[in-house]
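Any value given below was found using the heavy atoms of this structure, including those in side chains, with hydrogens, waters and symmetry copies removed. Letters A, B, ... are given to chains in the order of the sequence lines, protein chains preceding strands, and every chain is numbered from 1.
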There are 2 protein chains.
Amino acid sequence: MSKKTPGFRAATILDVASVANVSKSTVSLVLRGSDLIPTETSDRVRKAAAKIGYVYNRRAAELRRQSSNAIGVVISDLRNPFFAEVLVGLERRLAEAGYTVFMAHTNEDLERQQRVLTILREQGIAGIAICPALGTPISLPRSVKSWGVPLVVMVRTLGGGASYDFAGADNSLGVRQAMDHLIGKGHRRIAFLGGITGPVLQQRLDGYKETFTAHRIRFHPDLIVTSQPTREGGHAAMVRLLKARKSVKAAVCYNDLTAFGALSALGDAGLRAGVDFDLIGFDNILDTIHSNPPLSTVDIKPEQMGAEAAVLLLARIKEPGLKVQRFIQEPTLVLRQSG
Amino acid sequence: MSKKTPGFRAATILDVASVANVSKSTVSLVLRGSDLIPTETSDRVRKAAAKIGYVYNRRAAELRRQSSNAIGVVISDLRNPFFAEVLVGLERRLAEAGYTVFMAHTNEDLERQQRVLTILREQGIAGIAICPALGTPISLPRSVKSWGVPLVVMVRTLGGGASYDFAGADNSLGVRQAMDHLIGKGHRRIAFLGGITGPVLQQRLDGYKETFTAHRIRFHPDLIVTSQPTREGGHAAMVRLLKARKSVKAAVCYNDLTAFGALSALGDAGLRAGVDFDLIGFDNILDTIHSNPPLSTVDIKPEQMGAEAAVLLLARIKEPGLKVQRFIQEPTLVLRQSG
DNA sequence: CTGAAAGCGCTTACAG
DNA sequence: CTGAAAGCGCTTACAG
């Protein structure tokens, strides 16, 4: 909390009014762009405002109007470029619509998420967009709804029963596309690298297992090597895989970050991705284009996903009675050099 | 702008007061944690608040108190993990101090930056932390100061005359450390890859050139290959370098992103960084640990830099009369496998 | 077309 | 220790 420099009194519409020789209602009307005011008058008002350096006090206006032009955005892991890209798309669309974003980073910490949500609520924001932290209770959407604040959930679903607006991707299909490609190249033993828990992992693993069934290939559970969904994790997972099952020459990764780690482990072992080992990532973050080698991956257009989440939220704000909305990004496989 | 669900009237301190059988002043005092109120009474008030689902209206309170607990954070390029990491450090420290962040992304667009600054001003934030977009006029700090809002500039300086709080790194020294290392390994012809413009490039190039002088090595201007400070740019720069000057076997890059692009171009050419070519990045973003190969780079602790910027801003808010503050991160060379 | 008045939900001296 | 009152800077019917 901070007060303004003492002694300094900011100009208000009353000051503008007195300079322009009108009432403060008139000033307010002009500022809000009402067409009740003749051009001559409104010009005079605007000039007066500029002259005395008047600054619109949005908080006061919003308090009076019981409205808000701020939207709370809660991100679980900003160090993952995927989420940063989602945020970029979201922020841009929101800014275009005249909204400002209150950004909070939970770092996958449920307690922090709770705290942050409470603060956002007290700020009186117009809506919330959230990438829920892992382990977020299914009750979250109901709870936020009960506050009367519009909500969109991004990336991670929250389990069966709850109904809420959601923007995400078809994770199972994405993995199936990657798997089909690898099978098409002749691979039969294909590993799945990375991920510990969460709905997204669940969906991606589903796609992984479904592919074996669809192609009548026997599935070996130990082809799944779990790890933190990070570069470190991907590196460790690939090291373990190479040690345990030398015959495996292909893998799809939980996400691009794990794939980068795996790429690095491959390099350590003197193996070249795309020639000695086929590796496919997931997300298509910007980094994949010029990794070494450029990463083949499943494109779910992170930035666009963020923008779509904004669209859903904006629609919900405008029309609270709307039926539940879902945006599910169609994945596409983008082939580069790694597999 | 959105209104709350119609018909729904949120509880106010007046409601709490009537339930708790006290005056609204008492409620306010309790909520603000005043010790004027006996425990028995404040317990009663808190219970009443919880019972009717009262939510503190921060905007109203702040309007009355002429204060704010929001800080505007303006980021120029959130797609660059370096800035995302700075943001994470900044946000965490600010949140710890009880502040919320209004986040705006300018995408290096000066017009957008101007717009965003105006909006932040109208929101009545307590302070601004900005990574200025390239080409930001030197007058920006003066202008923000004239609004009466505390400011900290991050990462990029704004030129000579202006005085403002700043958190950044010793860029020249960082490059010199990298260069000394390469020279120690026996290299004489060392390229500088990436960057187009801006103060950071200037400083890093200064360090680059100084090293040649210090070691009495002849400096070839065409060893500097400029490019966008991105992976694409780094890739293109390395391709050009490889084509033009086959004798060069070492380079320091403008930043880690360019280094990744260069790594990728090296891979394309069948060259291994760290054995056929020594490559050093700058920033030490998280991605460097497990790139292929792991990138040697100059560590300027992005997350900590963000946290330090928060510290400076918080100090400025508390004590507007403070003399100009600077935090300049000491770089350290971290050697991994690329060079 | 413009002005006087009430009110958004708080905080803060000031009495009592 | 608690209550009545004024006021933060706006907006919005309502008169005129």
Side-chain angles (χ1 to χ4, degrees), chain A residues 1-4 6 8-45 48-49 52-69 121-126 148, chain B residues 1-4 6 8-45 48-49 52-69 121-126 148:
Chain A
M1 331 290 144
S2 87
K3 310 228 169 197
K4 277 290 170 57
F8 175 80
R9 209 188 115 276
T12 73
I13 51 170
L14 253 174
D15 301 313
V16 178
S18 90
V19 171
N21 250 311
V22 294
S23 82
K24 66 172 182 164
S25 325
T26 308
V27 176
S28 177
L29 259 9
V30 170
L31 292 177
R32 307 218 53 224
S34 160
D35 49 5
L36 292 178
I37 312 295
T39 323
E40 196 271 323
T41 311
S42 70
D43 277 359
R44 190 150 41 91
V45 169
I52 65 176
Y54 168 76
V55 180
Y56 186 65
N57 186 326
R58 222 169 259 278
R59 281 187 307 182
E62 294 184 349
L63 172 60
R64 179 57 237 255
R65 302 175 59 202
Q66 301 281 79
S67 72
S68 170
N69 80 136
R121 189 184 181 194
E122 293 182 350
Q123 301 281 6
I125 75 280
Chain B
M1 331 295 142
S2 85
K3 308 229 171 197
K4 278 291 170 56
F8 173 80
R9 208 189 117 276
T12 72
I13 51 169
L14 253 172
D15 302 314
V16 178
S18 90
V19 170
N21 251 311
V22 295
S23 81
K24 67 173 182 160
S25 324
T26 307
V27 176
S28 177
L29 259 8
V30 170
L31 293 177
R32 308 217 53 225
S34 161
D35 48 6
L36 292 177
I37 312 296
T39 323
E40 195 272 322
T41 310
S42 70
D43 277 359
R44 189 152 39 94
V45 169
I52 64 178
Y54 168 76
V55 180
Y56 186 63
N57 186 326
R58 223 169 258 277
R59 283 189 305 183
E62 294 184 349
L63 173 60
R64 178 57 236 257
R65 303 176 59 203
Q66 300 282 80
S67 73
S68 170
N69 80 136
R121 190 185 179 191
E122 293 182 352
Q123 302 280 7
I125 75 284

Shorter than 3.5 Å, N or O on both sides, protein versus nucleotides 14-16 of chain C: list them out with atom names.
none

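Distance CG/B:Asn57 to CD/A:Gln66: 7.5 Å, rounded to 0.5 Å. Expressed to the nearest 0.5 Å, how far OG of A:Ser23 lies from CG of A:Leu14 amounts to 9.5 Å.
Nearest heavy atom pair, residue A:Arg121 against residue A:Ile125, reads N-CD1, 4.1 Å. A:Ser68 and A:Gly124 make their closest contact through CB-O, 3.0 Å (heavy atoms, listed as atom of the first residue, atom of the second, distance).
Under 4.0 angstrom from either OP1 or OP2 of C:dT11 there lies at least one side-chain N or O belonging to B:Arg32. The shortest distance between the side-chain N/O atoms of B:Arg58 and the OP1/OP2 oxygens of C:dC10 is not below 4.0 Å. Dashed line: the shortest gap from a side-chain N or O of A:Gln66 to OP1 or OP2 of C:dG7 is not under 4.0 Å. For A:Arg64 and D:dC8, the shortest distance from a side-chain N or O to OP1 or OP2 is not below 4.0 Å.
Residues forming a side chain to side chain contact (heavy atoms under 4.5 Å, CB included) with A:Ile37 (at least two apart in sequence, or on another chain): A:Thr26, A:Leu29, A:Val30, A:Thr41, A:Ser42. In this view, B:Ile52 and B:Ala11, B:Asp15, B:Val16, B:Val19, B:Tyr54 satisfy the side chain to side chain contact (heavy atoms under 4.5 Å, CB included) rule, not counting sequence neighbours. With sequence neighbours left out, the side chain to side chain contact (heavy atoms under 4.5 Å, CB included) criterion links B:Ala61 to B:Tyr56.
Across the protein-nucleic acid pair, A:Glu122 atom CD and C:dG9 atom P stand 15 Å apart, rounded to whole Å. To the nearest angstrom, P of C:dT11 lies 10 Å from CD of B:Glu62. Taking atom CG on A:Leu63 and atom P on C:dA6, their separation rounds to 18 Å, with Å as the unit. What separates OH of A:Tyr56 from C1' of D:dC8 is a distance of 15 Å, to the nearest Å. Look at CG on A:Asp15: it is 9 Å from P on D:dC10, rounded to the nearest Å. Distance, A:Leu36 CG to D:dT12 P: 12 Å, rounded to whole Å.
The side chain of A:Ala61 approaches D:dC10 more closely than any other nucleotide in the set D:dT2, D:dC10, C:dC10. Which of D:dG9, D:dC10, C:dT11 sits closest to the side chain of B:Ile13 comes down to C:dT11.
Proximity of residues 16-29 of chain B to DNA chain D (heavy atom under 4.0 angstrom from any strand atom) is restricted to B:Val22, B:Ser23, B:Lys24, B:Ser25, B:Thr26.
Using a 4.5 Å heavy-atom threshold, the side chains of B:Arg44 and B:Asn21 count as touching.
Residue contacts shown for B:Val55 are limited to sugar-phosphate atoms, with no base heavy atom under 4.0 Å away.
If B:Leu14 and A:Pro38 are placed on DNA chain C by their nearest nucleotide, the residue sitting closer to the 5' end is A:Pro38. Between B:Asp35 and A:Asn57, the residue anchored closer to the 5' end of DNA chain D is B:Asp35, taking for each the nucleotide with the nearest heavy atom.
Only one option out of B:Glu122, B:Arg58, B:Glu62 pairs with A:Arg59 in a side-chain contact (heavy atoms from CB on, under 4.5 Å); it is B:Glu62.
In secondary-structure terms, DNA chain C builds stems of at least 3 consecutive Watson-Crick or G-U pairs, each pair having both distances under 3.5 Å, at C:1-3 with D:14-16, C:5-12 with D:5-12, C:14-16 with D:1-3.
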